[in-house]
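Working notes for the structure below.
Reckoned from all heavy atoms, side chains included, excluding hydrogens, waters and symmetry mates.
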Amino acid sequence: NTTLGTDTTNTVTLNKATLTVTGTVSPSKTYDGTTSATITGGTLNGVQGSDVVTLTQSGVYSSAAAGSGISITMSNSVSGTNVSTNYQLTQPVVTGSISRAALGVSAEATYASSTSVTPSSATLTGLVAADSAATVTNLVLSNANVGSGLYATGLTLSNGAQANYVLNSASNTTLGTDTTNTVTLNKATLTVTGTVSPSKTYDGTTSATITGGTLNGVQGSDVVTLTQSGVYSSAAAGSGISITMSNSVSGTNVSTNYLL
């Protein structure tokens, strides 16, 4: 009788028993671009009497990005005879970690007087499915100068996922692996514009005075000096005579990093 306050009242409210889970192992995995998590190790507490209650553990990372202390959204469930009627389950608080995935890179770029360059081409090995369309928009090189044994110490991906990957910390020219790390840095091209067409009175020689040229293509703060020179292809009087140019450039590492 649920009528309260009478001598015939007889009613009892029976609340569900609470189940908790302890000992869940903090999950860990290598970055795969998904939030999937493998949940293990939990023990169910609060089962009453001889009830048989089965715990099924599941959960997902709150973020797919690499990192530590990532919260896990738990969705454990319990099953058994009358379990849903008689029990309520409290989800445990769990955090996990995702380590960075190895990424191989083979790239080509042009000297830019900086360790930061925009690649003309780049091949990546080890991208996960979620990042398969990503391209390399920037490379950080082990050395700014043209030479052998160059490799990338960092890169930027077009989708911003670069923090989820780790590059080999040394040069590795074996292609097609997730430890590949090699960069071919080509010399920058210098051009000369505005050279004044030379003229002189016939003197029986091919000597020519070359002036007016402006050097183009110098990178960054490099100091490159242009020395202009050339000779007529013929000593005879005439017009439209081709000039055999022999300009040269000089400066610190100019011969290493530039072609004229």
Side-chain angles (χ1 to χ4, degrees), residues 2 4 10-105 122-138 140 152-169 176-181:
T2 58
L4 303 181
N10 193 347
T11 182
V12 176
T13 299
L14 187 61
N15 297 314
K16 292 184 178 183
T18 297
L19 298 173
T20 61
V21 179
T22 56
T24 302
V25 175
S26 178
S28 63
K29 69 173 184 177
T30 299
Y31 172 73
D32 62 5
T34 76
T35 58
S36 65
T38 300
I39 308 299
T40 61
T43 299
L44 192 61
N45 306 285
V47 177
Q48 302 299 308
S50 60
D51 287 355
V52 177
V53 182
T54 301
L55 170 67
T56 301
Q57 300 184 93
S58 64
V60 294
Y61 288 89
S62 59
S63 168
S68 60
I70 305 168
S71 63
I72 305 296
T73 303
M74 296 298 297
S75 55
N76 289 345
S77 61
V78 287
S79 60
T81 303
N82 293 325
V83 166
S84 62
T85 302
N86 295 322
Y87 290 96
Q88 60 185 12
L89 178 64
T90 300
Q91 300 292 341
V93 176
V94 180
T95 61
S97 61
I98 301 176
S99 59
R100 294 189 293 169
L103 183 65
V105 58
T123 300
L124 298 171
T125 305
L127 285 177
V128 303
D131 302 326
S132 59
T135 58
V136 181
T137 59
N138 179 265
V140 180
T153 61
L155 56 73
T156 301
L157 295 178
S158 57
N159 68 346
Q162 60 274 359
N164 297 313
Y165 295 94
V166 60
L167 301 174
N168 192 342
S169 60
T177 77
D178 61 12
T179 60
T180 300
N181 195 342

| Looking only at heavy atoms, what is the nearest atom pair of Tyr31 and Ala101, with distance? | O-CB, 3.8 Å
| message | Please report the interatomic distance OG(Ser132) to CG(Leu124), rounded to the nearest 0.5 Å. | response | 11.0 Å
| field | Expected output: side-chain Asn76 to main-chain Gln91 donor-acceptor under 3.5 Å | value | no
| field | Test side-chain contact (heavy atoms from CB on, under 4.5 Å) applied to Leu155 and Leu103, step by step | value | CA-CA 10 Å; Leu155 56 73; Leu103 183 65; 4.3 Å; yes
| Considering only heavy atoms from C-beta outward, does the side chain of Ser63 approach that of Ile98 to under 4.5 Å? | no
| message | Checking the side chain of Lys29 only, and the main-chain atoms of Gly96 only, is there a donor and an acceptor separated by less than 3.5 Å? | response | no
| Going through the checks in order, is the side-chain contact (heavy atoms from CB on, under 4.5 Å) test met by Thr34 and Val128? | CA-CA 9 Å; Thr34 76; Val128 303; over 6 Å; no
| said: For Gln48, is there any backbone N or O sitting under 3.5 Å from a side-chain donor or acceptor partner on Tyr87? | reply: yes
| task | Determine, stepwise, if the pair Asn82 / Asp51 fulfils side-chain contact (heavy atoms from CB on, under 4.5 Å). | result | CA-CA 9 Å; Asn82 293 325; Asp51 287 355; over 6 Å; no
| query | Within the distance-only criterion (no hydrogens, no angle test), does the side chain of Asp32 pair as donor or acceptor with the backbone N or O of Thr30 below 3.5 angstrom? | reply | no
| Which atom names give the shortest non-hydrogen contact between Thr85 and Lys16, and what distance separates them? | O-CE, 3.2 Å
| request: Keeping the roles fixed (side chain from Ser26, backbone from Thr95), state whether a donor-acceptor pair exists under 3.5 Å. | output: yes
| task | Test side-chain hydrogen bond (donor to acceptor under 3.5 Å, both in side chains) on Ser75 and Ser58 and set out the steps. | result | CA-CA 5 Å; Ser75 55; Ser58 64; 2.8 Å; yes
| said: Determine whether a donor-acceptor pair (N or O, by modelled atom type, separation under 3.5 Å) exists between the side chain of Asn181 and the backbone of Asn168. | reply: yes
| remark: Val60 and Ala37 have their tightest heavy-atom pair at CA-CB, 4.2 Å
| message | As an exercise, state the distance from CG of Leu89 to OG of Ser84, rounded to the nearest 0.5 Å. | response | 12.0 Å
| query | So Leu157 and Leu127, side-chain contact (heavy atoms from CB on, under 4.5 Å) or not? Walk me through it. | reply | CA-CA 11 Å; Leu157 295 178; Leu127 285 177; 4.2 Å; yes
| query | Among side-chain atoms of Ser62 and Thr73, is any donor-acceptor pair under 3.5 angstrom? | reply | no
